[in-house]
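Below: the structure, in structure tokens.
Counting convention: from 1, in listed order, for ligands and their atoms alike. Only heavy atoms go into these numbers, but all of them, side chains included; no hydrogens, no water, no symmetry mates.
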Amino acid sequence: MATREQTIFQASGNKLITQDRDVYMAAKWEEPLILILDNVLSAEECDILIAMAKDRMQRARIGVSRVVSEVRTSSSMFFEEGENEWIRRIEARAAELMSIPLQHAEPLQILHYRAGEQYQPHFDYFSNGSADNRISTLIMYLNDVEEGGETYFPSLGLSVMPRKGSAVYFEYFYKDSRLNELTLHAGVPVVSGEKWVATQWMRRQVQRHS
Ligand SMILES: O=C(O)CCC(=O)C(=O)O
Ligand SMILES: [Fe+2]
């Protein structure tokens with residue numbers, strides 16, 4: 001049997017005890033490593049993230065031309081790094097769960113999808129092989145979606161249902177580029193209701209100096 005490549009996240013057991021919250025490992029895909037995590041955020045934290053983001057959402061713009069894109073039809077915003085006590089706590093917890101120092105964290109992103117909106121299959125890492133590439137993703141679901149809105153990994157045939165307070169984690173820092181490519185994923189169209197997520201990305205290099 002081929003030996004597995006080293007992962008960033010050392011997944012063992014079913015519970016992850018962070019500084020301020022116990023998180024549960026609900027499901028695991030071995031290679032590439034994908035984890036479904038329960039109880040990442042409290043219901044109150046989900047509601048507060050949505051409330052704080054609501055008036056700051058902008059229609060997705062992608063790529064250098066910054067044109068409104070059909071690749072992602074959702075709206076998005078980024079919080080300032082450690083913008084307030086809520087953001088500080090959630091960023092710190094995400095970094096702890098992802099086993100990467102907070103200094104490597106991008107600003108926390110919020111995405112909002114209305115019925116019919118989606119994020120077509122994409123990689124989170126940059127295809128130019130940047131020395132400061134992204135290495136891992138934590139997508140936290142901020143509400144229950146009535147229908148649709150799964151995070152879908154088409155190369156694996158794996159769907160993750162959004163559930164308020166849960167999250168999906170995956171990483172793509174493998175030497176074997178084929179493993180990284182298997183993390184292709186999409187936010188499938190919301191059929192009814194709406195969908196809110198918070199995404200934390202980690203980079204190879206330090207992003208924050210405070
Ligand atoms: O909304 C989703 O399920 C996927 C979001 C996503 O892929 C991202 O934020 O990079
Ligand atoms: Fe993504």
Side-chain angles (χ1 to χ4, degrees), residues 8 26-27 29 32-38 40-41 46 49-50 53-54 56-63 68-79 87 90-91 94-95 97-98 100 104-128 130 133-174 179-203 207:
I8 298 168
W29 189 281
L33 181 62
I34 301 175
L35 297 169
I36 313 303
L37 302 174
D38 282 346
V40 172
L41 300 176
C46 292
L49 282 176
I50 293 172
K54 211 157 213 158
R56 296 159 65 180
M57 305 303 296
Q58 295 202 329
R59 178 74 197 273
R61 285 167 193 274
I62 287 181
V68 173
S69 164
E70 289 311 310
V71 174
R72 196 177 88 197
T73 50
S74 56
S75 310
S76 68
M77 61 80 70
F78 288 93
F79 287 110
I87 301 300
I90 292 164
E91 287 178 330
L97 286 172
M98 298 171 87
I100 298 285
H104 293 255
E106 287 191 28
L108 187 67
Q109 180 195 242
I110 301 291
L111 287 182
H112 178 218
Y113 305 77
R114 295 177 194 80
E117 293 182 343
Q118 64 175 317
Y119 196 166
Q120 288 181 4
H122 64 278
F123 302 108
D124 282 358
Y125 55 86
F126 311 120
S127 53
N128 61 11
S130 158
N133 218 333
R134 289 177 176 159
I135 57 176
S136 61
T137 301
L138 182 69
I139 299 171
M140 295 167 270
Y141 302 105
L142 305 182
N143 73 317
D144 293 317
V145 183
E146 248 170 69
E147 194 183 349
E150 298 90 348
T151 305
Y152 180 56
F153 296 80
S155 305
L156 306 171
L158 175 67
S159 286
V160 181
M161 316 300 166
R163 264 187 310 138
K164 185 171 181 172
S166 292
V168 57
Y169 166 85
F170 52 98
E171 55 180 80
Y172 30 84
F173 192 41
Y174 296 102
L179 286 178
N180 297 325
E181 286 163 13
L182 290 174
T183 64
L184 185 74
H185 60 282
V188 309
V190 170
V191 176
S192 63
E194 57 180 345
K195 174 185 174 190
W196 289 88
V197 301
T199 307
Q200 181 67 70
W201 289 291
M202 290 295 176
R203 296 278 195 107
Q207 311 293 307

- [ ] Mind checking ring pair (Phe, Tyr, Trp, His ring centres under 6.0 Å) for Y169 and listing every partner two or more places apart, or none if nothing turns up?
- [x] F9
Task: Sub-4.5 Å side-chain heavy-atom contact between V168 and I34 - done: yes
Open item on the list: Is it the case that the side chains of E194 and H112 hold a donor-acceptor pair, with the cut-off being a distance below 3.5 Å and no angle test?
Closed with: yes
Open item on the list: Quiz question: by atom type and distance under 3.5 Å, do the side chains of T151 and Y119 form a donor-acceptor pair?
Closed with: no
Open item on the list: Quick one: does any side-chain atom of Q200 pair with a main-chain N or O of E106 as donor and acceptor, under 3.5 Å?
Closed with: yes
Note every protein N or O atom lying under 3.5 Å from an N or O atom of ligand 1, pairing the names and giving the distance.
| from | atom 1 | to | atom 2 | distance (Å) |
| --- | --- | --- | --- | --- |
| ligand 1 | 1 (O) | Y113 | OH | 2.5 |
| ligand 1 | 1 (O) | K195 | NZ | 2.8 |
| ligand 1 | 3 (O) | T151 | OG1 | 2.5 |
| ligand 1 | 3 (O) | K195 | NZ | 2.7 |
| ligand 1 | 7 (O) | H122 | NE2 | 3.0 |
| ligand 1 | 7 (O) | H185 | NE2 | 3.0 |
| ligand 1 | 9 (O) | T199 | OG1 | 3.0 |
| ligand 1 | 10 (O) | H122 | NE2 | 3.4 |
| ligand 1 | 10 (O) | D124 | OD1 | 3.2 |

TODO: Give the ring-plane orientation class for F170 versus Y172, where under 30° counts as parallel, over 60° as perpendicular and anything between as tilted.
DONE: tilted
- [ ] Please list, in chain and residue-number order, the protein N/O/S atoms closer than 2.8 Å to the Fe ion (ligand 2).
- [x] H122 NE2, D124 OD1, H185 NE2
TODO: For this output row, return yes or no: ring centroids of F173 and Y125 closer than 6.0 angstrom.
DONE: no
- [ ] Give the C-alpha distance, both sets of side-chain angles, the deciding distance and a yes or no for side-chain hydrogen bond (donor to acceptor under 3.5 Å, both in side chains) between S76 and R72.
- [x] CA-CA 10 Å; S76 68; R72 196 177 88 197; 2.9 Å; yes
- [ ] Just grab all the salt bridge (Lys or Arg N to Asp or Glu O under 4.0 Å) pairs involving residues 113-124, residues at least two apart or on different chains.
- [x] R114-E117
